[in-house]
Amino acid sequence: MRETTRTDALSSIQSEEYCWDIDGHVESHDYLLQPVLRLLRGYGAKRVLDLGCGNGSFSARLASHGFEVTGVDFSASGIERARSNFPSLRFAQHDLQQPLGASYSQGFDAVVSTEVIEHLLLPRMVMHNARAALRPGGHLIVTTPFHGYARTCYWR
């Protein structure tokens, strides 16, 4: 008897969102925190928007270093965990592939989006939303997993 090959569609679990089942930080936070902090401090940033904040743990780590952080994520379970675990921070549920509301307009010194862009069907919307949320002269920090050398890009 010949074995049938299962496809991703047959093997995968369909979900309306990325379901967060952990409260703490994820492994990437360990190696991303210091470089992101160094950049934010170098930029003189105070107000930071975390696009794709997940369960809020990276936002909380930034806030513990003195930044005023607002986190936004599409995941209802992530935002629920973020609000529960870090009640002193601001979190909002929003589809990152849709424009941000006017309340975010030019309100941030920096936008951080760590390990998010590779999950989006429309990654350009992170750039669009960052540009809308940044004050003139603000900075965007985007990280994504990569197997090769690190690269720094400047965008104005």
Side-chain angles (χ1 to χ4, degrees), residues 8-41 43-146 153 155:
D8 279 350
L10 295 174
S11 300
S12 298
I13 298 171
Q14 184 174 352
S15 177
E16 294 298 315
E17 68 164 283
Y18 180 87
C19 297
W20 280 92
D21 59 359
I22 61 169
D23 289 327
H25 73 278
V26 295
E27 183 181 345
S28 63
H29 295 174
D30 292 333
Y31 58 82
L32 291 174
L33 182 62
Q34 291 307 313
V36 170
L37 287 173
R38 190 169 37 256
L39 288 169
L40 291 173
R41 288 177 181 138
Y43 299 149
K46 303 279 187 261
R47 296 195 69 223
V48 177
L49 177 62
D50 186 354
L51 284 179
C53 67
N55 67 1
S57 61
F58 196 73
S59 297
R61 289 179 105 176
L62 294 175
S64 74
H65 288 271
F67 297 97
E68 182 185 333
V69 182
T70 299
V72 176
D73 200 278
F74 179 70
S75 171
S77 61
I79 293 299
E80 181 180 328
R81 286 179 182 276
R83 288 177 175 158
S84 175
N85 292 318
F86 312 106
S88 65
L89 300 179
R90 288 185 300 274
F91 294 100
Q93 184 182 2
H94 184 82
D95 184 347
L96 299 181
Q97 299 181 117
Q98 297 298 318
L100 291 172
S103 64
Y104 294 92
S105 181
Q106 296 187 353
F108 297 89
D109 302 315
V111 172
V112 172
S113 187
T114 57
E115 316 299 272
V116 173
I117 201 164
E118 69 275 9
H119 298 284
L120 301 177
L121 178 62
L122 301 172
R124 68 183 172 272
M125 286 305 296
V126 168
M127 305 303 167
H128 173 83
N129 285 329
R131 175 171 266 168
L134 286 169
R135 64 164 176 74
H139 297 273
L140 170 63
I141 301 170
V142 175
T143 69
T144 188
F146 183 66
C153 297
W155 169 57

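When reading the values below, keep in mind they use all heavy atoms of this one structure, side chains included, and skip hydrogens, waters and symmetry mates.
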Begin with the C-alpha distance, continue with both residues' side-chain angles, and end with the deciding distance and a verdict on side chain to side chain contact (heavy atoms under 4.5 Å, CB included) for L62 and V36.
-> CA-CA 9 Å; L62 294 175; V36 170; 4.1 Å; yes

For residues 96-104, please give each side-chain donor-acceptor pair under 3.5 Å, one per line with the distance, not counting sequence neighbours.
{"unit_1": "Q97", "atom_1": "OE1", "unit_2": "L121", "atom_2": "N", "d": "2.8"}
{"unit_1": "Q97", "atom_1": "OE1", "unit_2": "L122", "atom_2": "N", "d": "2.6"}

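Listed by first then second residue, pairs satisfying salt bridge (Lys or Arg N to Asp or Glu O under 4.0 Å) with a partner in residues 104-117 read D109-R135, not counting sequence neighbours.
In this structure, F91 and F86 have tilted ring planes: the angle between them lies in the 30° to 60° band.
Test L51, N129, L49 against S113 for side chain to side chain contact (heavy atoms under 4.5 Å, CB included) and you get one pass: L51.
Side-chain atoms of S84 do not come within 3.5 Å of backbone N or O of R81 as any donor-acceptor pair.
In this structure, CZ on R131 lies 11.0 Å from CD on Q106, to the nearest 0.5 angstrom. To the nearest 0.5 Å, atom CG of residue L140 and atom CG of residue L39 are 11.0 Å apart. Atom CG of D73 and atom CD of Q93 lie 8.0 Å apart (nearest 0.5 Å). Here the CG atom belonging to L32 is positioned 6.0 Å from the OG1 atom belonging to T114, to the nearest 0.5 angstrom. Atom OG of S75 is separated from atom CG of D95 by 11.5 Å, given to the nearest 0.5 angstrom. A distance of 13.5 Å separates CZ in R83 from CG in N55, rounded to the nearest 0.5 Å.
For E80, there are no side-chain hydrogen bond (donor to acceptor under 3.5 Å, both in side chains) partners at least two apart in sequence or on another chain. Shown here are the side-chain contact (heavy atoms from CB on, under 4.5 Å) partners of R41, two or more places apart in sequence or in another chain: L37, H65, F67. A63 meets the side-chain contact (heavy atoms from CB on, under 4.5 Å) test with V69, L89; sequence neighbours excluded. Residues that satisfy the side-chain hydrogen bond (donor to acceptor under 3.5 Å, both in side chains) test with D50, not counting sequence neighbours, are S59.
Scanning both residues, F108 and V48, for their nearest heavy atoms gives CD2-C, 3.6 Å. Nearest heavy atom pair, residue F58 against residue V112, reads CE2-CG1, 4.1 Å.
The closest side-chain heavy-atom distance from V72 to I79 is not below 4.5 Å.
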